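Just below is one structure, and these are the notes that go with it.
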Amino acid sequence: MKYSQVYSINNNMSDINKTTQSNDQWDLWEVFIQESDNAPHIHAGSIRAADAENALQNARDVFARRGKVKNMWVVKSEHIIATTSTDAAPFFDPTSDKVYRHPQFYKHTLDDELWKKS
């Protein structure tokens, strides 16, 4: 056996090991729950599950057994697009060229007080 063949076999085994390691854990799912009608869904936590149905069942067992839950969403974590902490400043800073978005032109005057009393 030549050295190149041995190297190739070792590479294939390492690829198999990587594949096995990556498949050891199920996908990560984020769980959002709604506690009552018209309430917003809030992030309850994360779980691992094989598929969407399993994720709902696991989420129910973990997050809904003690609290009042009206509705539940599960989303694969890989499908959530989020900002990073380095994006915070340029992404969330308010634009200064649209001053009409800031309530800085409304001033409380004495006339306002007089109007309230009448």
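Reckoned from all heavy atoms, side chains included, excluding hydrogens, waters and symmetry mates. Predicted, not measured: the structure shown is a model, and the values here were computed from it. Nothing fancy with the numbering, it's 1 onward along the sequence.
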(request) List in chain and number order the residues that pass side chain to side chain contact (heavy atoms under 4.5 Å, CB included) with Thr86, two or more places apart in sequence or in another chain; answer none if no residue qualifies. (result) Thr84
(request) Could you pull out the closest heavy-atom pair between Val75 and His79, with the gap in Å? (result) CG1-CB, 4.4 Å
(request) Not counting sequence neighbours, list each pair that qualifies as a salt bridge (Lys or Arg N to Asp or Glu O under 4.0 Å) and has a residue in residues 25-34. (result) Asp27-Lys76
(request) Please answer: with hydrophobic residues joined when any side-chain heavy atoms are less than 4.5 Å apart, are Val74 and Leu28 in the same cluster? (result) no
(message) Minimum heavy-atom separation for Val69 and Met72, please, with both atom names.
(response) CG1-CE, 4.4 Å
(request) Could you pull out the closest heavy-atom pair between Ala59 and Ile47, with the gap in Å? (result) N-CD1, 3.6 Å
(message) Among residues at least two apart in sequence or on other chains, which ones pass side chain to side chain contact (heavy atoms under 4.5 Å, CB included) with Ala52?
(response) Trp29
(message) Side-chain heavy atoms nearer than 4.5 Å, only ILVMFWY residues, links allowed to pass through others: does that put Ile42 and Ile80 together?
(response) no
(request) Applying ring-ring contact (aromatic ring centres under 6.0 Å, His included), name anything that partners Phe32, two or more places apart in sequence or on another chain. (result) His43
(message) Can you list everything that forms a side-chain hydrogen bond (donor to acceptor under 3.5 Å, both in side chains) with Lys70? Sequence neighbours excluded, please.
(response) none
(message) So Glu35 and Lys68, do their side chains get closer than 4.5 Å, heavy atoms only?
(response) no
(message) According to side chain to side chain contact (heavy atoms under 4.5 Å, CB included), who are the partners of Ala44, at least two apart in sequence or on a separate chain?
(response) Val31, Ile33, Phe63
(message) So, using side-chain hydrogen bond (donor to acceptor under 3.5 Å, both in side chains) as the criterion, who are the partners of Arg60 when residues are at least two apart?
(response) none
(message) Using the side chain to side chain contact (heavy atoms under 4.5 Å, CB included) criterion, which residues pair with Glu53? Sequence neighbours excluded.
(response) Asp51, Gln57
